[in-house]
Amino acid sequence: MIRDNQISMIEGPTGSGKSTQVGQYALEMGYRKIVYLVPRIPLADNLADRIEQELGWQLGEEAAADLIGVRHADRSTGYGKTIEVMTPDTFLRVFGELADYDDEPVLVLGDEIHEKDFPTELAVAVTAQVLEQHPKWRLSLMSATLDEQSIQAAYSEASGSEVPCVSIEGRPFNLEIIERPDLTVTEAYTDYGREVQHQKTQIFLPGKQEIRDTTDT
């Protein structure tokens, strides 16, 4: 689908492998530059690290590090790498660098497009506008929402032709759900987060101030 269409869409639930795998397939297909647009810095870091880890298993750590990097306000290891994970704001600042790949295959992946994040949509729009001048460039939108039809329709209207979509099945895990409304976030983490030897705990909070307060606590 990506090979045959300048704009395409990939839909699948979180954990189905959209983000980690598509760039690796594109690398095998011979794309000279593969850019991920990821709306948040932690997501960009995690995605770049995970892809590098998987490539390292196949090619060796040194070769993987030479292939992929990340670039945003806090970290910059991606310049000149074949696969580069960026925040949309960074992409818009360095968009002119893609001119170096004028007549070479380029793939831009708009990740988490279902979030309707304005910088991501702006970066996607800027890319879409130049596709006509670059026949070997491709843009693919990745969405975790089950309501992909409205997104697909919007981008089809904007591009002037139907944007094809492929759906990827997920592999869900069984989760144990414990509800303790009597506990604060910190108390819940203390009671439950340390019982299992997980390397990471994911905490959802409503805003930046709550994140700072919880981190301090």
Side-chain angles (χ1 to χ4, degrees), residues 1-12 16-39 43-44 46-52 54-55 58-59 63-72 77-115 117 119-144 148 151-152 155-156 158-159 161-168:
M1 179 185 69
I2 290 174
R3 181 195 62 211
D4 295 338
N5 299 274
Q6 279 205 290
I7 302 179
S8 59
M9 185 173 170
I10 300 170
E11 181 271 329
S16 57
K18 301 183 304 300
S19 301
T20 55
Q21 304 308 308
V22 173
Q24 296 183 64
Y25 282 121
L27 185 66
E28 292 183 1
M29 292 168 68
Y31 281 88
R32 291 278 291 109
K33 187 69 175 181
I34 301 156
V35 179
Y36 281 89
L37 305 176
V38 182
L43 283 178
N46 289 341
L47 177 57
D49 291 345
R50 178 60 182 178
I51 295 175
E52 181 176 342
E54 293 191 8
L55 287 174
Q58 304 169 61
L59 308 173
D66 288 340
L67 281 171
I68 182 167
V70 64
R71 200 165 6 161
H72 51 66
T77 64
Y79 179 76
K81 304 288 181 68
T82 303
I83 303 177
E84 190 166 8
V85 184
M86 297 186 192
T87 54
D89 289 333
T90 299
F91 176 78
L92 290 168
R93 286 197 300 271
V94 303
F95 180 73
E97 293 177 7
L98 289 183
D100 294 340
Y101 303 89
D102 178 39
D103 194 35
E104 298 183 88
V106 170
L107 173 61
V108 176
L109 296 165
D111 206 359
E112 310 287 350
I113 199 69
H114 59 279
E115 292 191 6
D117 172 72
T120 300
E121 295 202 345
L122 182 58
V124 165
V126 167
T127 304
Q129 282 188 322
V130 302
L131 290 180
E132 189 174 340
Q133 288 79 48
H134 301 280
K136 294 183 180 179
W137 289 18
R138 297 291 184 268
L139 170 64
S140 192
L141 313 173
M142 298 195 290
S143 170
E148 84 281 358
I151 300 173
Q152 184 182 14
Y155 280 98
S156 295
S159 66
S161 60
E162 184 175 356
V163 173
C165 180
V166 162
S167 293
I168 302 173

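Looking at heavy atoms from C-beta onward, L67 lies out of side-chain contact with K81 at the 4.5 angstrom threshold. Under the 4.5 Å side-chain criterion, counting only non-hydrogen atoms from C-beta, P119 is not in contact with T87. Side-chain contact between S143 and M9 is present, with heavy atoms from C-beta onward closer than 4.5 Å. Side-chain contact between V94 and Y79 is absent, with no heavy-atom pair separated by less than 4.5 Å. Looking only at side-chain heavy atoms (C-beta outward), V38 and M86 stay at 4.5 Å or farther from each other. L98 is listed as a side-chain neighbour of W137, based on a closest heavy-atom distance under 4.5 Å. Side-chain contact check for L55 versus I83: some heavy-atom pair is nearer than 4.5 Å. Side-chain atoms of M142 and S19, non-hydrogen and from C-beta on, do get closer than 4.5 Å to each other.
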| request: In sequence, state the C-alpha distance, the side-chain angles, and the governing distance for I10 and L141, and then conclude on side chain to side chain contact (heavy atoms under 4.5 Å, CB included). | output: CA-CA 6 Å; I10 300 170; L141 313 173; over 6 Å; no

| request: For Y31 and T82, run side chain to side chain contact (heavy atoms under 4.5 Å, CB included): C-alpha distance rounded to whole Å, both residues' side-chain angles, the deciding distance at 0.1 Å, then the answer. | output: CA-CA 8 Å; Y31 281 88; T82 303; over 6 Å; no

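Proximity of a side-chain donor or acceptor of R138 to a complementary backbone N or O of P105 within less than 3.5 Å is not detected. With hydrogens and angles ignored, the 3.5 Å screen pairs no side-chain donor or acceptor of S8 with any backbone N or O of M1.
Defined by atom type and a distance below 3.5 Å, a donor-acceptor pair is present between the side-chain atoms of E11 and S167.
Considering only residues two or more places apart in sequence or on other chains, E97 meets the side chain to side chain donor-acceptor pair (under 3.5 Å) condition with R71. Residues satisfying the side chain to side chain donor-acceptor pair (under 3.5 Å) test with N46, not counting sequence neighbours, are none. R93 pairs by the salt bridge (Lys or Arg N to Asp or Glu O under 4.0 Å) definition with nothing, not counting sequence neighbours. Every residue meeting the salt bridge (Lys or Arg N to Asp or Glu O under 4.0 Å) condition with K33, not counting sequence neighbours, appears here in chain and number order: E84. F91 pairs by the ring pair (Phe, Tyr, Trp, His ring centres under 6.0 Å) definition with F95, not counting sequence neighbours.
Screening residues 101-110 for salt bridge (charged side-chain N to carboxylate O under 4.0 Å, His left out), with sequence neighbours left out, gives R32-E104.
To the nearest 0.5 Å, atom CG of residue L139 and atom CG of residue N5 are 11.5 Å apart. Rounding to the nearest 0.5 Å gives a distance of 6.0 Å between OG1 of T127 and CG of L37.
In E132, the CD atom is not crowded: 12 or fewer heavy atoms of neighbouring residues, nucleotides or ligands sit closer than 6.0 Å.
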